[in-house]
Amino acid sequence: MARSLGVSLAEAYPQVAAMWLQERNGGLTPAKATPKMQVAVWWRCAAGHEWQENISNRTALPKWKGGDVAACRECVGYKVSYTCPDCGHSAMVTPEAAAKKHGRCWKCQQERWQANEKRLKKELSTAAKAAAGRAGKLLDTVPVPDGVPAPLVTEWRWWAAKHLQGAIAAEEKMGREGRTEEMLARVTEMAARLLPTKEEAGHAAAHGGVLRLLDQAHWAEGWLHQLTGRAARRVDKDALENTAWLLGEILAAWSQRAAEAVAADRAKGHEAPSTADVTRVLTQVVLSFKDELVRDSPLAPHTRAYKELRLPVVPDGKGRYGRADVVIWIPGGPNFVIEIDSAPNPASAEKLVFARDAGAFPLWVRLGKGGIEKIDGVMVLDIRDAVRGVLDAGAE
């Protein structure tokens, strides 16, 4: 019989249609269905076996059917019904699979693995917390070279303690003997080469702009400045102003589009955005600023924009290195270090002053309440009115 597009299952495969279990298939019938439909429906053979399967599978003719397109897997012995003794679930499986006599079906076995994994993670977490004292004592025995900045030592102790506590917990709960000794050797090795060399920082500054320290991404140009102690030449004032103007234009265009989108959403009953929501979106806009900086330039494919790169500067009152909101790295050119704040933030001022002294373009985007501090060599973009327009568009 010719099989043509649009011919119903009842016309093309009457022997298959005869096994259609109508009471479980709703309004779909063999007269409405086509042979190649990717729809799972219920079937019942003459022996009373019931199963669910795609229509397209039923009209296919694999080898196991022996030339009978309407063959039932169970009737021909291709698959048999097997009930797992532990979970009680039944399924159609091959005779080979049934012979293995699995106690649980695949779904129940997965759920059991997941439950065991969750339990183990909880036990490991509890054991790791309890191992804090022992890990601290082990770290006290590890020598740290002279001249390593105290904040970097703090970062190392935090990193090392976390890994040592995990190793101790793995020994206690998972029987992994020697894990603590292995980890102690690793953290000792890390301590010995904790401070990056000028060569490492220089290579990272020239190739991508990121220096990896203790599994953290650091601003390489900042570390190069810190290690060499050389006073970098500040970027030209006119270049800094032109860059700020370009970013300001981008932010102004964004704020207009954002205000229109927010107003439209509010008309549909959606919630108004918060200042935090605006800040998150604004960060993405600033990250895209790199595309404007190198538009139509051969440097475009190689330019990178990063969020939250650490800087080798510790803001007052903090114990760990600060992080720049956005750093844009362009091969062969000064970096762009950008802070985004909705309120006065002395820490941002300190980071931007460091970036200025390291020879970067320091830009401070301010969008919230509070006074704006003027800093020599740091360009401030006041977009408070623009952001207020976005928030006002979402007001009732």
Side-chain angles (χ1 to χ4, degrees), residues 113-205 210-220 222-229 306-325 327 345-348 350-351 354:
W113 288 335
Q114 290 169 357
N116 287 339
E117 183 179 13
K118 184 177 180 180
R119 175 186 53 78
L120 180 59
K121 284 183 177 179
K122 185 176 180 179
E123 290 180 358
L124 286 172
S125 176
T126 301
K129 291 178 182 178
R134 181 181 169 191
K137 290 179 180 179
L138 288 172
L139 285 178
D140 290 339
T141 67
V142 178
V144 177
D146 294 335
V148 179
L152 189 55
V153 176
T154 299
E155 295 283 350
W156 168 77
R157 283 193 68 93
W158 180 87
W159 174 87
K162 179 182 69 172
H163 285 77
L164 270 176
Q165 289 173 239
I168 293 170
E171 279 193 353
E172 293 178 352
K173 298 298 179 181
M174 302 176 67
R176 296 188 177 180
E177 296 183 6
R179 190 66 176 268
T180 302
E181 185 177 346
E182 292 174 7
M183 186 54 63
L184 183 60
R186 182 184 174 194
V187 299
T188 301
E189 179 189 358
M190 293 296 289
R193 52 186 178 87
L194 197 53
L195 188 66
T197 65
K198 298 174 185 178
E199 292 74 20
E200 289 171 337
H203 183 272
V210 174
L211 182 66
R212 302 294 304 189
L213 298 176
L214 300 171
D215 299 333
Q216 297 287 343
H218 287 245
W219 180 38
W223 269 103
L224 184 61
H225 169 70
Q226 181 85 349
L227 293 167
T228 61
Y306 303 102
K307 286 198 308 181
E308 302 292 338
L309 281 190
R310 292 181 179 271
L311 286 71
V313 59
V314 181
D316 286 344
K318 307 292 183 181
R320 301 179 68 178
Y321 288 126
R323 291 177 291 184
D325 288 334
V327 172
N345 188 350
S348 290
E350 293 181 58
K351 288 181 281 185
F354 176 82

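Source: prediction; values computed, not measured.
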Handout entry: Ion pair R186/E182, N-O distance below 4.0 Å
Key =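 The answer is no: the pair does not qualify as a salt bridge.
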Going from [atom1] on [X] to [atom2] on [Y], what distance comes out if it is rounded to the nearest 0.5 angstrom?
| X | Y | atom1 | atom2 | value |
| --- | --- | --- | --- | --- |
| D325 | K307 | CG | NZ | 9.5 Å |
| K351 | R323 | NZ | CZ | 8.0 Å |
| Y321 | L152 | OH | CG | 4.5 Å |
| E117 | K122 | CD | NZ | 15.0 Å |
| I168 | L184 | CD1 | CG | 9.5 Å |

Practice task
Look at atom CD of E181 and say whether more than 12 heavy atoms of other residues, nucleotides or ligands are closer to it than 6.0 Å.
Solution key: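 No, the 6.0 Å shell around CD holds no more than 12 heavy atoms from other groups.
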Problem - H163 atom NE2, over 12 foreign heavy atoms within 6.0 Å - result: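 Above 12, so yes.
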Between [X] and [Y], is any pair of side-chain heavy atoms under 4.5 Å apart?
| X | Y | value |
| --- | --- | --- |
| L138 | T180 | yes |
| K173 | T126 | no |
| Q165 | L124 | no |
| P151 | V313 | no |
| L194 | E155 | no |

Exercise for the section: Give me the one residue out of L195, V148, V144 that meets side chain to side chain contact (heavy atoms under 4.5 Å, CB included) with W156. Expected result: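 Testing W156 for a side chain to side chain contact (heavy atoms under 4.5 Å, CB included) against L195, V148, V144 leaves exactly one candidate, V144.
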Side-chain donor-acceptor distances from residues 210-217 under 3.5 Å, at least two apart:
| unit_1 | atom_1 | unit_2 | atom_2 | d |
| --- | --- | --- | --- | --- |
| R212 | NH2 | D215 | O | 3.1 |
| D215 | OD2 | W159 | NE1 | 2.7 |
| Q216 | OE1 | R310 | NE | 3.2 |

Practice task
Just do the side chain to side chain contact (heavy atoms under 4.5 Å, CB included) check on R157 and D140 with the steps written out, would you?
Solution key: CA-CA 9 Å; R157 283 193 68 93; D140 290 339; 3.4 Å; yes
Quick one: closest heavy-atom pair of [X] and [Y], and the distance?
| X | Y | result |
| --- | --- | --- |
| V314 | R320 | CG1-O, 3.6 Å |
| W223 | P312 | CE2-CB, 3.6 Å |
| A191 | P143 | CB-O, 3.8 Å |
| P315 | G322 | CD-N, 4.0 Å |
| A220 | A201 | CB-O, 4.0 Å |
| A169 | A128 | CB-N, 3.7 Å |

Handout entry: N/O donor-acceptor pair under 3.5 Å between T154 side chain and A150 backbone
Key =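 Indeed, once roles are kept as given, a pair shorter than 3.5 Å links the two residues.
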Practice task
Verify, without hydrogens or angle tests, whether E200 (side chain) and T197 (backbone) share a donor-acceptor contact under 3.5 angstrom.
Solution key: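 It does hold such a pair.
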Problem - salt bridge (charged side-chain N to carboxylate O under 4.0 Å, His left out) against R179, all qualifying residues, sequence neighbours excluded - result: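 Residues passing salt bridge (charged side-chain N to carboxylate O under 4.0 Å, His left out) with R179: none at all.
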